[in-house]
Number of protein chains: 2
Amino acid sequence: MHDLIREAEALCQRAGMTLTAPRRRVLEILAASDTPMKAYDLISKAGEDGRATKPPTVYRALDFLCQLGLVHRIEQDATFVACNHAGHTQPVALFVCNSCLKATEVAYDDVAQMLESAALTRGFQLQRLVIEGRGQCQDCALAA
Amino acid sequence: MHDLIREAEALCQRAGMTLTAPRRRVLEILAASDTPMKAYDLISKAGEDGRATKPPTVYRALDFLCQLGLVHRIEQDATFVACNHAGHTQPVALFVCNSCLKATEVAYDDVAQMLESAALTRGFQLQRLVIEGRGQCQDCALAA
DNA sequence: TAATGAGTGTTATGAAATAACATAATAGGA
DNA sequence: TCCTATTATGTTATTTCATAACACTCATTA
């Protein structure tokens, strides 16, 4: 978990950017959470130490972290989750359990290639790809 | 385009549901648009005849139409688009052009199967799948 | 030391979606 | 037919998600 922060720092440095205080704070909170979080939960959590934290601060940090691939935004429900494979810039698929809400991150090069070629046969040049699943994770299936 | 409405009616009947006035209205507007629309654009457009149309009316219609697969919600930017292959209940991938904003709908059974099995090897049982792309469509690529 | 640029703080507002409750329309059964 | 249950809509208000705009800080460098 502190690994993640260290990796993040290294990654920023390589990219010529800096992991400033608010960015690090947001990443720490996300990394400590076992489920994806809403932006406003982050905002109140980040403000739990003395000073107030306001929406733009957190949204800016999230934009930054998402761009570096350190955090993923789950489009279906506007939540954010820290990336497992810190540092990879490849796209991932995110499977979210409807029961426990935990997110499973999966690399999917093969799938991406299929989609890319499916798009290309229609003359469409892919720049960004979002793949999100909903369902039931193993733990919840066994518990039921 | 009127085909779509007729198909929609048939589909509703088969499902034991009804294509009521507001639902039909929303579907018509979406079908007439060549790009995906935001909910609030629909709301004002639907209100252009005399009577005011309010958010819940349109959101309810959208929920209904999405459930029947007559409309798709694009999660990335919260827009809605009428379905091409009216009646299919299989999932589709949506590729949205960053220039002209038009959406291309693509069936992807093979990709879905890959993702499903990728999920299953992790014990994850998929119930819903969202696949969305962003990029440049053929027309815009040629125009540039 | 001025000028630049990147980042943050703050106020205010815009945009997307839904809760809660009242009302209407419709279909089925006695 | 009349009652009742169900389904859908109308309406008000509010919640949730996100960003615009501008002032300020602080490090870098010319």
Side-chain angles (χ1 to χ4, degrees), chain A residues 8-9 11-30 35-68 70-81 101 130 132, chain B residues 8-9 12-30 36-68 70-81 101 130 132:
Chain A
E9 240 149 17
L11 205 155
C12 285
Q13 204 156 27
R14 253 176 284 141
M17 318 243 108
T18 38
L19 190 68
T20 59
R23 292 170 179 171
R24 168 197 234 100
R25 183 108 178 80
V26 166
L27 182 57
E28 281 170 353
I29 295 172
L30 278 178
T35 56
M37 292 181 72
K38 309 216 159 213
Y40 273 72
D41 291 341
L42 275 165
I43 290 163
S44 45
K45 194 122 189 175
E48 273 179 6
D49 54 357
R51 61 226 206 128
T53 302
K54 297 187 186 147
T57 303
V58 167
Y59 277 104
R60 287 193 281 232
L62 287 170
D63 285 348
F64 175 86
L65 296 168
C66 284
Q67 273 190 6
L68 283 186
L70 290 165
V71 165
H72 302 299
R73 182 180 196 272
I74 298 175
E75 307 285 347
Q76 289 176 70
D77 53 4
T79 55
F80 299 86
V81 64
L101 302 181
V130 173
E132 296 175 6
Chain B
E9 242 151 16
C12 285
Q13 206 157 26
R14 250 177 287 140
M17 318 243 107
T18 39
L19 191 66
T20 58
R23 291 169 180 171
R24 167 194 235 103
R25 183 107 179 82
V26 167
L27 182 56
E28 280 171 353
I29 296 173
L30 278 178
M37 293 181 70
K38 307 216 161 214
Y40 273 73
D41 292 341
L42 275 165
I43 290 163
S44 44
K45 193 122 189 175
E48 274 178 5
D49 55 357
R51 61 224 205 129
T53 302
K54 299 188 184 143
T57 303
V58 168
Y59 277 104
R60 286 193 280 232
L62 286 171
D63 284 349
F64 175 86
L65 295 167
C66 284
Q67 273 191 3
L68 283 185
L70 290 165
V71 165
H72 301 299
R73 181 180 197 271
I74 298 175
E75 307 286 346
Q76 287 177 73
D77 53 4
T79 56
F80 299 86
V81 64
L101 302 182
V130 172
E132 297 176 4

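Keep in mind that this is a model prediction, so the values were computed, not measured. Letters go in sequence order (proteins before strands), and every chain restarts at 1.
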### Task
Quickly work out the B:Q76 CD to C:dA16 C1' distance and round it to whole Å.
16 Å
### Task
Kindly determine whether A:R73 and A:F80 satisfy side chain to side chain contact (heavy atoms under 4.5 Å, CB included), including the steps that lead there.
CA-CA 5 Å; A:R73 182 180 196 272; A:F80 299 86; 3.5 Å; yes
Could I get a table of every N or O pair under 3.5 Å where one atom is in the protein and the other is in nucleotides 22-26 of chain C?
none

### Task
Take the protein atom CG of B:L42 and the nucleotide atom P of C:dA16, then report the distance between them rounded to whole Å.
11 Å
### Query
Heavy atoms, side chains only, cut-off 4.5 Å: are A:V81 and A:M37 in contact?
no
### Query
Looking at B:Y59, does any N or O in its side chain come under 4.0 Å of the phosphate oxygens OP1/OP2 on C:dT18?
no
### Query
Taking only side-chain nitrogens and oxygens of A:T20, does any of them come within less than 4.0 Å of OP1 or OP2 of C:dT8?
yes
### Query
Any donor and acceptor pair, going by atom type alone, linking the side chain of A:R23 with main-chain N or O of A:F64 inside 3.5 Å?
no
### Intermediate values then yes/no, side chain to side chain contact (heavy atoms under 4.5 Å, CB included), A:K45 and A:L42
CA-CA 5 Å; A:K45 194 122 189 175; A:L42 275 165; 5.7 Å; no
### Message
Around atom CD of A:E9, are there more than 12 heavy atoms from other residues, nucleotides or ligands closer than 6.0 Å?
### Response
yes
### Task
Could you tell me the separation between the CG atom of A:D63 and the P atom of C:dA6, rounded to a whole number of Å?
16 Å
### Summary
Outer limits of DNA chain D sitting under 4.0 Å from a non-hydrogen atom of chain B, read 5' to 3', are D:dA8 to D:dT12
#### Entry: Beyond-backbone contact of A:T57 with A:P22, side-chain heavy atoms, under 4.5 angstrom
yes
### Task
Indicate whether any N or O donor in one side chain lies under 3.5 Å from an N or O acceptor in the other, for B:E75 and A:Q76.
no
### Message
Pick the closest DNA chain D nucleotide for B:R23 and for A:A39 by heavy atoms, then say which residue is nearer the 5' end.
### Response
B:R23
#### Entry: Derivation and outcome, side chain to side chain contact (heavy atoms under 4.5 Å, CB included), residues A:L30 and A:L62
CA-CA 10 Å; A:L30 278 178; A:L62 287 170; 4.1 Å; yes
### Task
Return the value, rounded to whole Å, for the distance between atom CE of A:M17 and atom P of C:dA6.
8 Å
### Query
Taking C-beta and beyond as the side chain, do A:I74 and A:P36 meet within less than 4.5 Å on heavy atoms?
yes
Which atom pairs link the protein and nucleotides 10-13 of chain C when you take only N or O atoms and keep those under 3.5 Å?
unit_1, atom_1, unit_2, atom_2, d
C:dT11, OP2, A:K54, NZ, 2.9

### Task
Decide yes or no on side chain to side chain contact (heavy atoms under 4.5 Å, CB included) for B:I29 and B:V58, but give the supporting numbers first.
CA-CA 11 Å; B:I29 296 173; B:V58 168; over 6 Å; no
